[in-house]
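Have a look at the structure below before the remarks.
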Amino acid sequence: MDAMSLKRWNDALIADRDDLLIRAARRWFGPVRTPFNKHELLAKVETYLRKPATHEAVFALMDDVDRLAVASVALAGTMHQNELARIVGSAIKTSPDRRVENLLDRLILYRHDGRGRDSLLSVAPPLKALEKRLGIEQLLRGASIEAEGTEPGTDPWAVYCALVSVAMHVKPAFKLNYEYTKKAAAQLEKTAPEVLNRAYDSTFYLLSLAGARALLPSESGRFMVDPQRFLELSRVLESRYGAAVPIALACSHPEMYSGTVDADMRARFLIWLLGELPVGLCMEVGAMENLLTVMAAIYFRGNEAIAMRLRSVVSLPVLSEMGCIRFSPDGKKLQVSGQGKRMLQHGNGSAGGIVLEESHELRVLPQAGFYARAFAAVASRLEHTGLTWTGILDREAAQAAYAHGMSADELMQGLQTLSGKQLPQSVSFSLREWEQRSRGARLVQGMVVKLDEQNTAIMEHLPHMMAMVAEKLAAGVYLLKPIALKDVEKAFKTSGIKLDAPDRADLDRLDAIPPAWTDDEMAVCAPQAEHAPHGELAQHTPHVPTGASLFPAGQLEALVRSAHSAADEAIADNTVRHLLYELGQLDMSDSVKETLSDTVRSRLILEPSQLALADVASDGASAGALDYSGKVRILERAVREKLAVSLISKTGGTRSVCQGEPQSLVKTPEGLALSLLTNRGKSVILMVSAIERLRIIHSDMFGGS
């Protein structure tokens, strides 16, 4: 047993305002004499919970929902209470918060580090043995393994490259939003029909490119592409993430931004997730969300806020948009496809992946890497993507590249390096001739910096400064990439160059979508760098044992089978029925039996011997007419914890019995009034002074009362 966890559990129960420890002791051991020593009481409870017989009794009373909740917390280590309530809420339609509170009442879970629903929950250390019996299979209820529909779909990198190529070589490619022009749509129909044929919004890829600053807003209101930024992204992301470049670029989507979760962290988590998820696993939408929630918590154990944010904004949207998770053929469940595994197995590419024919046709072979494919999309007008890509490097395509700041030398050098061969003379001649024509009349728009000889030498010896340059126009004259003026000033000042920058240059529109990959992060992504991009959790080490897997090879079918048989609902029901039978044999008043019956149905009594011992009269869950302060305390707790109550009230000589959930307590001139939502959905107002008998109902959340 972890000493630190045990101390945290001790401290939590000692400081607990709801007196869960005292209430449990009264149920299990009988009346607690006052004054009492809370530490001695805690030691007695701990000893009891450690007994193997107690473990068996607790386990026997756990239904499917209990086991799902406890397994989720056990796998995660710690989990926010509201996150666990969301998981429980996917399994039951009503009272998920109360089911979580019930697990706290039973001392199976305990609350620490926070207040209310923002608290963290963990499994009680004395019951740690339960964790060995409640594993990942508890999250696979209703799951199946289906081979049909798992084939990989359209290559996401082909979609990215096709969009960049269209944005470069079709003018205009976009309308005044993310809609394509007719000419662009016709081109995409050949190169990436998936973008046009999908039934849902197809802007995901475009927004990812915008978040990565490869797609920029222009003064005309239309979006324009920055091909050199796209090439640089392709290079550094391939060197850092290997086969997972499309996933890393997808993490640039603006909706996934967070002040504490940088793009690198998002990408690494999703890469791990894709490696873990078994192909063919088929689950209900809610169950799949639960699985991803717990996997995020496992990966980021100790950083629960990060895990929650990644679960809510990253996992399912990215994986579904990338085609790694999609609806099963019957449309009723979500299914893990083979797309993720295919992406992770993609090679880094090799020389000779590009072939340029004398006819100016460019072919991209299967062995080409991500950067090679990106270069082909920028240098040529893509005509087809599939096993082998084809593109056309004609005059219009080359002039589009020149208009975006590339030169004939850059095109020739890139093509020669990636093909591993000398370019045909006809191609080299054409590229130079087309460049000369394109330079004959140029409209250059942007921010230009002019330096003297000394500052030019400084500039050209600093790689991070030259990374800001879109084109060298003349000696000491540079056209800068679209960068905010404040960032330009800062960069030059840091490099020791005093820059007298005019105030009239304004590129604030770029700040509408902050970049997911800043220049600093891009530099860190270089092959020689070993550390993560700067950020709050830059040195975070995921809590995943090396070589360990949640779904060991060949064991998925066994886990799914176990999920359907492990939690036999009849065991808990039979245990409750047995305890109720034993209760019926005892000689005690009907009112005490009624209260004990509810306590049994809510799984708070563990064994028959406790029925005669339980001090239900002073457990703080019931109060009579003369105990006004007791009624107020119970109602305040019921409102706070959303607990149901049963009460008898007398108004105008008429007694009435009702059950429901207290909504609020309100001060009125006549006294304190209770707003109650009855089981029939009717809202009533009752004076607290008119309540003759009041008790909390625990068991209605299990389907009884």
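Sequential numbering from 1 along the given sequence is applied to the chain's residues.
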message = If you apply the rule side-chain contact (heavy atoms from CB on, under 4.5 Å), what do you find for T668 with M687, and how did you get there?
response = CA-CA 9 Å; T668 69; M687 300 306 298; 3.8 Å; yes

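- Pairing each heavy atom of I325 with each of M288, the nearest pair is CD1-SD, 4.2 Å.
- Residues D11 and K7 are paired through a salt bridge, judged by an N-O separation under 4.0 Å between the basic side chain and the carboxylate.
- The minimum heavy-atom distance linking A71 with G135 is given by the pair CB-O, 3.9 Å.
- Nearest heavy-atom pair across A69 and V88 is CB-CG2, 3.8 Å.
- In this structure the side chain of L13 reaches within 4.5 angstrom of the side chain of L107, judged on heavy atoms.
- Atoms OG and CZ, from S602 and R106 in turn, are 8.0 Å apart once rounded to the nearest 0.5 Å.
- Under the 4.5 Å side-chain criterion, counting only non-hydrogen atoms from C-beta, F327 is in contact with L334.
- Comment: R50 engages E46 in a salt bridge, judged by a side-chain N to carboxylate O separation of less than 4.0 angstrom.
- Side-chain contact between I605 and L583: absent, with no pair of heavy atoms (C-beta onward) separated by less than 4.5 Å.
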key: S689/I691 under side-chain contact (heavy atoms from CB on, under 4.5 Å): CA gap, chis, key distance, verdict   = CA-CA 6 Å; S689 59; I691 298 175; over 6 Å; no

task = Any chance you could lay out the side-chain hydrogen bond (donor to acceptor under 3.5 Å, both in side chains) test for R99 and N102, step after step, and finish with the verdict?
result = CA-CA 5 Å; R99 287 300 297 265; N102 176 261; 5.1 Å; no

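- The aromatic rings of Y299 and W272 sit tilted relative to each other, their planes meeting at an angle between 30° and 60°.
- Salt-bridge check for R633 with E636: failed, with every basic side-chain N at 4.0 Å or more from each acidic carboxylate O.
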request  = List the steps and the verdict of side-chain contact (heavy atoms from CB on, under 4.5 Å) for L49 and W28.
outcome  = CA-CA 11 Å; L49 289 177; W28 296 339; 3.9 Å; yes

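- Here the CG atom belonging to L672 is positioned 11.5 Å from the CG atom belonging to L686, to the nearest 0.5 angstrom.
- Nearest heavy atom pair, residue V279 against residue S337, reads CG2-O, 3.7 Å.
- A heavy-atom distance below 4.5 Å is found between the side chains of L606 and Y48.
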message = Evaluate Q81 against E101 for side-chain hydrogen bond (donor to acceptor under 3.5 Å, both in side chains), listing each step before the verdict.
response = CA-CA 9 Å; Q81 185 167 340; E101 292 290 343; 3.0 Å; yes

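- For E148, the CD atom counts as loosely surrounded, since its 6.0 Å shell holds 12 or fewer non-hydrogen atoms of other residues, nucleotides or ligands.
- Atom CG of L130 is separated from atom NZ of K132 by 11.0 Å, given to the nearest 0.5 angstrom.
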request  = Given side-chain hydrogen bond (donor to acceptor under 3.5 Å, both in side chains), test S597 with R601 step by step and report yes or no.
outcome  = CA-CA 6 Å; S597 175; R601 286 191 174 94; 2.4 Å; yes

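- Annotation: the span from R133 atom CZ to M62 atom CE amounts to 9.5 Å, rounded to 0.5 Å.
- Of all non-hydrogen atoms in T150 and A147, the two that sit nearest each other are OG1-O, 2.7 Å.
- Within 6.0 Å of the CG atom in D590, the count of heavy atoms belonging to other residues, nucleotides or ligands does not exceed 12.
- Atom CD in E692 sits 7.0 Å away from atom CD1 in I648 (nearest 0.5 Å).
- In this structure, E594 pairs ionically with R695, as a charged nitrogen and a carboxylate oxygen lie closer than 4.0 Å.
- When all heavy atoms of L127 and V123 are compared, the closest pair comes out as O-CG1, 4.1 Å.
- Aromatic ring orientation, F269 versus F300: tilted (interplanar angle from 30° to 60°).
- A salt bridge links D105 with R637; the closest basic N to acidic carboxylate O contact falls under 4.0 Å.
- The neighbour count for F551 CZ, taken as heavy atoms of other residues, nucleotides or ligands under 6.0 Å away, is above 12.
- Here the CG-OG distance, from L647 to S656, works out to 7.5 Å after rounding to the nearest 0.5 Å.
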